[in-house]
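Numbered from 1 within each chain, the chains take letters A, B, ... in sequence-line order. Atom set for the values below is all heavy atoms of this structure, side chains included, hydrogens, waters and symmetry mates excluded.
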There are 2 protein chains.
Amino acid sequence: MGKSDTATPRERYRAQVRTEIKEHAWQQIATAGASALSLNAIAKQMGVSGPALYRYFAGRDELITELIRDAYRSLADTLGAAAAEGADLSGLAHVLRGWALADPHRYFLLYGTPVPGYHAPDDTTAISSEIMATLLTACAALVPEAPEAQAAQEATEAPFATHLEKHRAWAGDHPAPPAALHLAMSFWTRMHGVLSLELAGHFTGMRFDPDRLFAAELDALLP
Amino acid sequence: MGKSDTATPRERYRAQVRTEIKEHAWQQIATAGASALSLNAIAKQMGVSGPALYRYFAGRDELITELIRDAYRSLADTLGAAAAEGADLSGLAHVLRGWALADPHRYFLLYGTPVPGYHAPDDTTAISSEIMATLLTACAALVPEAPEAQAAQEATEAPFATHLEKHRAWAGDHPAPPAALHLAMSFWTRMHGVLSLELAGHFTGMRFDPDRLFAAELDALLP
DNA sequence: TGTGTTCGTTAGAAGTTGTAACTCATCGCG
DNA sequence: CGCGATGAGTTACAACTTCTAACGAACACA
């Protein structure tokens, strides 16, 4: 089991308490939202005194940062596993939706209203581009390989795709054609649009089925 | 000037102080976000003591509710004015974008991560459907009037539009055809998807121009 | 078995929301 | 004009939050 064998007892205990704290934090976030996360309440729930938690997290911000990191990791792993099992872009969409519905607060922690002073650490942006990479692979599988002549024609018809091609630093060195870059961005923004409005409860009251809206948007997206 | 003439001096003073409080609140939200809004800080900025503000707002929640109401009102008026001046759906999209970019925190107050215990009062949902009405009018102007034969054909091709037609309570009694209902929902979710990710800063680092992504999504949406 | 690291505790500072009670200015009415 | 009711602003306080400091006790390791 990798690290836990080589660790000293103290380190193992420390890691265990850290995860226990995070579990209580998730539970608290799920009921009251991230803004209501209270270190004192977690301590009380664990039966220890308030300042004890500061041995494990420098403060509320570091705890939240850790939760964000875990959430990104979970999403990247979930999408990555689905892709490894052969899911196409449509499959990834449904996996994403399931992941978001399983814990709306976790989704909002990643893609909701940004925390005022918070700045994402480097490794979360790394995980974020890992997600983007699996997305790009699925998108590239849907976009037909364009011969040169057709590519030139596309350049005049799809100005945004060529714009993305000129600023493709965010795609890393992923070998996705311009149309796939465009498809990935549309996928991201549209799925997020439907999901975030649904999770925020903006569709309650309207009586239609959010499932069908999601399916319709997905259908309109796929080439 | 309507009400302010008939009001007693006390009431006029009260209304003035209320708007002054709200102005400071907006200023504070713009710099630190809604979650960091502090009645004490507002009081200090206004040169009065903390509890003095409780004469004007029952608490933090009521102040935020009032700010949300004002934000909805502002958005509805802005879109309504644009529509009255002849803006089509594309024009409304750009007006919406301008409104959101002018004060991102205000946008997130309406469409961002929901506040845990908060439940929107009735009149905000009324304003919300006012917004939806101007949207539906603009959408209806874009979809062609369908003869009966064509409508029957559409019913099999556009299942979500017919689903919306069966659950069109949210559209009030607006006489928009099913295709317009569908277009309005797509408009809402897609524009929100691009805007909220942009405003949350998820595109910083990627070097492309958010303006062009917005334009591309809008272009893909219009029939 | 000692020794030093680390954990958890209590005490306290500085901040927040919100309530209670009191003073005092002001508004309206006789 | 004067007097009484209304309401604004004050201080004091309770209960909460994050977070620091100092102390005792438990534990791992040599």
Can you give me every donor-acceptor pair (side chain of residues 206-213 of chain B, partner residue at least two apart or in another chain, under 3.5 Å) with its distance?
{"residue": "B/Asp209", "atom": "OD1", "partner": "B/Asp211", "partner atom": "N", "Å": "3.1"}
{"residue": "B/Asp211", "atom": "OD1", "partner": "B/Arg97", "partner atom": "NH2", "Å": "2.5"}

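When each of A/Gly50 and B/Pro51 is assigned the nucleotide of DNA chain D with its nearest heavy atom, B/Pro51 is the one assigned upstream, toward the 5' end.
In this structure, A/Ser49 reaches the C/dT10 phosphate: one of its side-chain N or O atoms is under 4.0 Å from OP1 or OP2. At C/dG15, none of the side-chain N or O atoms of B/Ser38 fall inside 4.0 Å of OP1 or OP2 (strictly under the cut-off). Residue A/Tyr13 places at least one side-chain N or O under 4.0 Å from the OP1 or OP2 atom of C/dG8. Side-chain nitrogen and oxygen atoms of A/Asn40 include at least one within less than 4.0 Å of the OP1 or OP2 phosphate oxygen of D/dT18.
The OH-P distance, from B/Tyr54 to D/dA14, rounds to 17 Å in whole Å. Rounded to a whole Å, the CD atom of B/Glu62 is 11 Å from the P atom of C/dT19. Straight-line distance from the CZ atom of B/Arg18 to the P atom of D/dA8: 11 Å, rounded to whole Å. Straight-line distance from the CG atom of A/Leu37 to the C1' atom of D/dT17: 12 Å, rounded to whole Å. Taking atom CD1 of residue A/Ile21 and atom C1' of nucleotide C/dG8, one finds them 12 Å apart after rounding to whole Å. One can place CG of B/Asp61 at 17 Å from P of C/dT16, the figure rounded to the nearest angstrom. If you take CZ of B/Arg12 and P of D/dG7, they are 16 Å apart, rounded to a whole angstrom. In this entry the distance linking CG of A/Leu53 with P of D/dT18 reads 9 Å, nearest Å.
Of the candidates D/dG9, C/dG18, D/dT17, the closest approach to any side-chain atom of B/Arg60 belongs to C/dG18. The side chain of B/Arg55 sits closest to D/dA8 out of D/dA8, D/dT18, C/dA20. With D/dG9, C/dT17, D/dA8 as the candidates, the nucleotide lying closest to the side chain of B/Arg14 is D/dA8. Among the nucleotides C/dT17, C/dT9, D/dC19, the one closest to the side chain of A/Ala52 is C/dT9. The listed nucleotides are C/dA25, D/dT10, C/dT10; the one nearest the side chain of B/Arg10 is C/dA25.
Among the heavy atoms of the strands lying under 4.0 Å from B/Tyr56 are primed sugar atoms or P, OP1, OP2 only; no base atom is included.
Under 4.0 Å is where a charged nitrogen must lie from a carboxylate oxygen, and between B/Arg73 and B/Glu66 no such pair does. B/Glu11 has no carboxylate O lying under 4.0 Å from a charged side-chain N of B/Arg14, or vice versa, which leaves the two without a salt bridge.
Ring orientation note: the planes of B/Tyr111 and A/His202 are tilted relative to one another, at an angle of 30° to 60°.
Once rounded to the nearest 0.5 Å, the distance linking OH of B/Tyr56 with CD of B/Glu20 reads 9.5 Å.
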